[in-house]
Amino acid sequence: MYESTVLHLPDDYEGEVIATLLSRRAGSRRAVLYIHGFTDYFFQDHLADHYVGQGVDFYALDLRKYGRSLLPHQTRGLVRSITEYFPEIDEAVRIIRRDHDHVLVNAHSTGGLIAALWADRVRGRGLVQGLVLNSPFLDLNVPAPLRFAADLLKIPLSYSSRPLPLGVSTAYGDSLHRSRGGEWDYDLELKPLGGFSVHATWLAAVRRAQRRLHAGLDVDVPVLVLASSNGLRVRDFVPEAKSADIVLDPRQIARWATSIGTHVSCVRITDGMHDLVLSAEPVRKQVFAEIDRWTGVYLYPWAYQGNENSP
């Protein structure tokens with residue numbers, strides 16, 4: 001069903017680095033590139049089904065140190081800067097643009113933060129025509145004193161393999177995985193119920209990226225930001241976790257959305273989970289309808305007027 005391409009990247013401080021680009025074709029000059037979040041990888045086949053059903057070629061990138069790209073010597077998800085992900089996005093977009101005129105980036109959570117900063121870096125080059133950000137990680141969902149403490153992190157790089165003592169919560173995993181009464185079946189080795197360990201080096205990198213976004217980016221393509229209608233802060237699973245974002249605060253997402261660029265639409269999805277496309281079926285249908293409506297207006301309206309080959 002999917003073609004897989006291994007992207008060989010320059011070695012980093014842990015050694016060999018790869019990323020993995022998956023693809024499903026619809027025979028179109030339009031394409032979407034999906035970028036996952038933290039403690040994640042691409043497994044959302046129904047997302048690919050939706051785009052291909054709309055006549056859009058689908059690509060998904062397992063970033064370095066995640067999913068299909070995780071190598072035995074690597075620390076899961078560890079980077080010292082968000083910019084370390086830019087080379088695999090650059091290469092993925094280069095490959096996609098060989099056969100496509102219009103490219104949309106659809107990114108989730110930490111992937112949304114990465115995609116926004118990447119798009120700001122490549123503005124003016126016409127590489128992508130729009131961004132859809134699903135619950136992007138635009139701020140820390142912790143009390144203000146803890147955000148301040150995170151901004152003061154000055155951890156030596158030798159500490160990079162030491163996780164922060166934050167404890168483990170399986171509430172989000174329990175709300176998703178079929179083994180815990182959720183709807184979805186995915187590889188728990190690649191996406192553990194309790195998530196990846198959070199390292200000080202990674203957290204400091206995220207906070208630098210968030211502060212850069214808060215200061216204002218200048219992304220020059222239309223952006224759709226999607227967030228749940230409500231958030232919930234819990235450590236243990238409760239039934240309400242299936243109809244709220246229990247990872248991030250949607251109010252923070254809405255607050256910082258317009259810092260991405262000058263053409264940003266923000267839509268709050270009633271009863272949405274953190275990964276909105278993993279919400280209950282009626283909710284994810286609304287998510288797909290919002291994406292289709294937005295792309296039909298801002299990206300390729302001709303495709304909805306029966307003329308697929310228009311520029």
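Note that this is a predicted model, so its numbers are computed, not measured.
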Are [X] and [Y] joined in one hydrophobic group, where the rule is that I, L, V, M, F, W and Y side chains link up if heavy atoms are under 4.5 Å apart?
| X | Y | answer |
| --- | --- | --- |
| Leu71 | Leu78 | no |
| Leu33 | Phe86 | yes |
| Leu70 | Tyr2 | no |
| Val198 | Val234 | yes |
| Ile35 | Leu9 | no |

Could you check whether [X] pairs with [Y] (Lys NZ or Arg NE/NH1/NH2 to Asp/Glu carboxylate O, under 4.0 Å)?
| X | Y | answer |
| --- | --- | --- |
| Arg212 | Asp120 | yes |
| Glu88 | Arg64 | yes |
| Asp187 | Arg68 | no |
| Asp245 | Arg233 | no |
| Arg180 | Asp174 | yes |
| Lys285 | Glu281 | yes |

Nearest heavy-atom pair of [X] and [Y]: which atoms, and what distance?
| X | Y | answer |
| --- | --- | --- |
| Phe42 | Asp62 | N-OD1, 3.0 Å |
| Gly181 | Lys242 | O-NZ, 2.9 Å |
| Ser135 | Leu248 | O-CD1, 3.5 Å |
| Ser228 | Pro250 | O-CB, 3.2 Å |
| Ala115 | Ala107 | CB-CB, 3.8 Å |

Gap separating the [atom1] atom of [X] from the [atom2] atom of [Y], nearest 0.5 angstrom:
| X | Y | atom1 | atom2 | result |
| --- | --- | --- | --- | --- |
| Leu138 | Thr110 | CG | OG1 | 10.0 Å |
| Ser229 | Ile269 | OG | CD1 | 8.5 Å |
| Arg251 | Asp139 | CZ | CG | 11.5 Å |
| Cys266 | Leu226 | SG | CG | 8.0 Å |
| Ile18 | Leu7 | CD1 | CG | 8.5 Å |
| Asp57 | Leu104 | CG | CG | 12.5 Å |

Using ring-ring contact (aromatic ring centres under 6.0 Å, His included) as the criterion, point out the one residue from Tyr172, Phe137, Trp202 that pairs with Phe38.
Trp202
For the pair [X] (side chain) and [Y] (backbone), establish whether a donor and an acceptor sit closer than 3.5 Å, ignoring hydrogens and angles.
| X | Y | answer |
| --- | --- | --- |
| Ser69 | Thr20 | yes |
| Arg29 | His102 | no |
| His46 | Val277 | yes |
| Arg284 | Ser279 | yes |
| Glu84 | Ser81 | yes |
| Glu3 | Ser23 | no |
| Ser243 | Asp271 | no |
| Arg97 | Leu127 | yes |
| Arg178 | Trp184 | no |
| Thr39 | Phe196 | yes |

[X] vs [Y] side-chain heavy atoms within contact, under 4.5 Å:
| X | Y | result |
| --- | --- | --- |
| Leu63 | Ile114 | yes |
| Ser197 | Arg76 | no |
| Val225 | Val267 | no |
| Val132 | Val105 | no |
| Leu140 | Leu203 | yes |
| Val238 | Leu232 | yes |
| Asp185 | Phe43 | no |
| Val17 | Pro10 | no |

Just do the side-chain contact (heavy atoms from CB on, under 4.5 Å) check on Val283 and Thr270 with the steps written out, would you?
CA-CA 7 Å; Val283 179; Thr270 301; over 6 Å; no
Can you find a side-chain donor-acceptor pair between [X] and [Y] that sits under 3.5 Å?
| X | Y | value |
| --- | --- | --- |
| Asp12 | Gln74 | no |
| Asn134 | His274 | no |
| Asn106 | Tyr51 | yes |
| Arg207 | Gln210 | yes |
| Tyr59 | Arg25 | yes |

What do you reckon, are the aromatic ring centroids of His36 and Tyr41 less than 6.0 Å apart?
no
Val247 vs Asn141, side-chain contact (heavy atoms from CB on, under 4.5 Å): CA-CA, chis, key distance, verdict
CA-CA 7 Å; Val247 178; Asn141 184 20; over 6 Å; no
Chi angles and distances behind the salt bridge (charged side-chain N to carboxylate O under 4.0 Å, His left out) call for Arg30, Asp99
CA-CA 9 Å; Arg30 296 176 286 150; Asp99 300 318; over 6 Å; no
Checking side chain to side chain donor-acceptor pair (under 3.5 Å) between Thr75 and each of His199, Lys65, Glu14, which is the one that passes?
Glu14
Candidates Val219, Thr83, Val128 - the one meeting side-chain contact (heavy atoms from CB on, under 4.5 Å) with Trp118
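Going through Val219, Thr83, Val128 one by one, the side-chain contact (heavy atoms from CB on, under 4.5 Å) with Trp118 is satisfied by Val128 alone.
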Worked verdict on Leu176 versus Glu183 for side-chain contact (heavy atoms from CB on, under 4.5 Å):
CA-CA 6 Å; Leu176 294 177; Glu183 185 176 351; over 6 Å; no
Would you please test Asp275 and Gln44 for side chain to side chain donor-acceptor pair (under 3.5 Å) and show each step?
CA-CA 10 Å; Asp275 188 339; Gln44 298 88 340; 3.2 Å; yes
Between Arg24 and Phe58, is NZ or CZ placed under 6.0 angstrom from the six-membered ring centre and within 45° of the ring axis?
no
Derivation and outcome, side-chain contact (heavy atoms from CB on, under 4.5 Å), residues Leu113 and Val206:
CA-CA 9 Å; Leu113 176 64; Val206 165; 4.2 Å; yes
